[in-house]
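Let me begin by presenting the structure, written as structure tokens, before commenting on it.
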Protein chains: 2
Amino acid sequence: MDTGDRLLTPGEVAALFRVDPKTVTRWAAAGRIGSIRTPGGHRRFRESEVRALLEGELEKLGETR
Amino acid sequence: MDTGDRLLTPGEVAALFRVDPKTVTRWAAAGRIGSIRTPGGHRRFRESEVRALLEGELEKLGETR
DNA sequence: AGTCAATGGGGTAATTTGGGCG
DNA sequence: TCTGTCCAAATTACCCCATTGA
């Protein structure tokens, strides 16, 4: 499985959780989710970590998507 | 199987059923409806599941829309 | 170089949560 | 048993505009 290194933008993560991109930024600032910074200061998130958070919740619904 | 449907907020689900958002929260807490949590603790609901529940009840009334 | 969508930062509404009460 | 409401605290959404990314 090599899906672990792909980076997601704040907007992509926000869409997965159905929240505002700004909210994802706050999660990063609060340390709830790890984030990488571009030289320009924009945040990027590891897909593996986001998937883990999301699917960790989805499994409670009995679906594998 | 790809059930990649959107997620709904408590308020949106409440509007569909014409109930108070608090009631939707109780449904989730009682396991009557599946729910996932944002890292901040807010609930999100699967549109497909909500629709299924809603349509299922509407059919009992012989309604198509 | 120049366009345009997305992001960051700051500040302010709106929503959600959880408990308890009726 | 199920639902609506009041409350305080926490989380999230929307507004601005300068900067970054593609």
Side-chain angles (χ1 to χ4, degrees):
Chain A
M1 304 79 87
D2 60 78
T3 58
D5 300 81
R6 204 152 80 87
L7 295 177
L8 301 178
T9 65
E12 292 171 333
V13 177
L16 292 174
F17 282 94
R18 184 50 160 94
V19 295
D20 191 275
K22 292 284 190 159
T23 298
V24 179
T25 291
R26 290 193 221 94
W27 293 344
R32 293 190 216 260
I33 183 176
S35 65
I36 306 291
R37 290 277 205 165
T38 66
H42 287 195
R43 288 174 238 267
R44 296 285 117 99
F45 305 88
R46 293 190 178 285
E47 182 176 37
S48 61
E49 185 178 0
V50 176
R51 289 292 182 190
L53 284 175
L54 195 59
E55 292 185 16
E57 297 289 339
L58 287 177
E59 67 181 20
K60 298 177 183 175
L61 300 180
E63 281 290 341
T64 315
R65 193 179 188 283
Chain B
M1 50 184 59
D2 189 334
T3 57
D5 50 351
R6 295 174 303 178
L7 295 175
L8 299 177
T9 65
E12 292 170 337
V13 177
L16 291 173
F17 281 94
R18 293 296 299 276
V19 295
D20 193 275
K22 183 85 169 189
T23 298
V24 178
T25 290
R26 292 194 180 102
W27 293 344
R32 294 174 179 278
I33 182 175
S35 69
I36 68 174
R37 299 276 201 144
T38 67
H42 283 202
R43 295 183 180 85
R44 294 285 114 104
F45 304 88
R46 292 190 145 198
E47 183 175 34
S48 62
E49 185 178 1
V50 175
R51 293 288 182 192
L53 289 173
L54 201 55
E55 301 292 333
E57 294 297 327
L58 289 179
E59 283 181 5
K60 297 178 181 177
L61 300 178
E63 288 285 340
T64 309
R65 160 93 3 178

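Values reported hereafter were calculated over all heavy atoms of this structure, with side chains retained and with hydrogens, waters and symmetry mates removed. Values in this document were obtained by computation on a predicted structure and should not be read as measured data. Below, chains carry the letters A, B, ... as their sequence lines are ordered, and counting in each starts from 1.
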Letter per nucleotide, 5' to 3', of nucleotides 9-22 of chain D [B base touched, S only sugar-phosphate touched, - untouched; heavy atoms, 4.0 Å]:
--BBBB-----BSS
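- Atom-to-atom distance recorded for R43(B):CZ and T9(B):OG1 is 12.5 Å, nearest 0.5 angstrom.
- Of the charged side-chain nitrogens involved, at least one lies within less than 4.0 Å of a carboxylate oxygen, so that R51(A) and E47(A) count as a salt-bridged pair.
- Secondary-structure stems of DNA chain C, taken as three or more successive Watson-Crick or G-U wobble pairs (i with j, i+1 with j-1) under a 3.5 Å distance threshold, comprise C:3-19 with D:6-22.
- One finds the CD atom of E55(B) at 12.0 Å from the OG atom of S48(B) (value rounded to the nearest 0.5 Å).
- When the side chain to side chain contact (heavy atoms under 4.5 Å, CB included) test is applied to I36(A), the partners found at least two apart in sequence or on another chain are L7(A), R44(A), R46(A).
- With sequence neighbours left out, the side chain to side chain contact (heavy atoms under 4.5 Å, CB included) criterion links R32(B) to W27(B), A30(B).
- Residues meeting the side chain to side chain contact (heavy atoms under 4.5 Å, CB included) test with L53(B), sequence neighbours left out: F17(B), I33(B).
- Nucleotides of DNA chain C with any atom under 4.0 Å from a heavy atom of chain A span, from 5' to 3', dT7(C) to dG10(C).
- Side-chain contact between L16(B) and L8(B) is present, with at least one heavy-atom pair separated by less than 4.5 Å.
- Applying the side chain to side chain contact (heavy atoms under 4.5 Å, CB included) criterion to A14(B), with sequence neighbours excluded, gives V19(B), P21(B), V24(B).
- Within the structure, salt bridge (charged side-chain N to carboxylate O under 4.0 Å, His left out) contacts touching residues 13-29 of chain A (residues at least two apart or in different chains) are R18(A)-E12(B).
- Pairs engaging residues 31-58 of chain B under the ring pair (Phe, Tyr, Trp, His ring centres under 6.0 Å) rule: none recorded [sequence neighbours left out].
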